[in-house]
Amino acid sequence: MATYKPSDYELLRRRCAQLKDTGWKQTQIATALGLTEGWVSRTLKKYQQDGQAGLAWR
């Protein structure tokens, strides 16, 4: 798994959503970005529920 700074995670969440919208599977996204499948799953669930607002860094 890759190491990211906390400020990178908003960009990663947005990239996850972009890749999913273009047809990538969760496992492919996790592998490509060096993240766990659980992290990708939670991110995409939040995106599905809240849209772009769910991807913002808090």
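Everything numeric here is computed off the predicted structure, so don't read it as measured data.
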Undergrad: Can you measure from CG (Leu19) to CG (Leu33) and round to the nearest 0.5 angstrom?
TA: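 The CG atom of Leu19 sits 6.0 Å away from the CG atom of Leu33.
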Undergrad: Could you walk me through whether Arg13 and Lys46 satisfy the side-chain contact (heavy atoms from CB on, under 4.5 Å) test, starting with their C-alpha distance in whole Å, then the side-chain angles of each, then the deciding distance to 0.1 Å, before giving a yes or no?
TA: CA-CA 10 Å; Arg13 286 191 291 273; Lys46 198 147 184 63; over 6 Å; no
Undergrad: Ignoring hydrogens, what is the shortest heavy-atom contact between Ser41 and Gln26? Give both atom names and the distance.
TA: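 So the two residues come closest at CB-OE1, 3.5 Å.
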Undergrad: Atom CG in Leu55, atom CG in Leu12: separation rounded to 0.5 Å?
TA: 11.0 Å
Undergrad: Please determine whether side-chain contact (heavy atoms from CB on, under 4.5 Å) holds for the pair Gln18 and Trp24, giving the CA-CA distance in whole Å, both sets of side-chain angles, and the decisive distance to 0.1 Å.
TA: CA-CA 9 Å; Gln18 289 173 340; Trp24 285 47; over 6 Å; no
Undergrad: Might you point out which heavy atoms bring Lys20 and Leu44 nearest each other, and give the distance in Å?
TA: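 Looks like CB-CD2, 3.8 Å.
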Undergrad: Return the minimal non-hydrogen interatomic distance between Glu37 and Thr27, and the atom names on each side.
TA: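 Where Glu37 meets Thr27 most closely, the heavy atoms are OE1-CG2, 3.1 Å.
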Undergrad: Restricting to non-hydrogen atoms, name the atom on Leu35 and the atom on Cys16 that form the minimum distance, rounded to 0.1 Å.
TA: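 Shortest heavy-atom contact: CD1-SG, 4.3 Å.
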Undergrad: Same hydrophobic cluster for Trp39 and Tyr4, using side-chain heavy-atom links shorter than 4.5 Å among ILVMFWY?
TA: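 Yes; tracing contacts between hydrophobic side chains, which count when under 4.5 Å, links both residues.
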Undergrad: If every non-hydrogen atom of Lys25 is compared with every non-hydrogen atom of Gln28, which pair is closest and at what distance?
TA: N-OE1, 2.8 Å
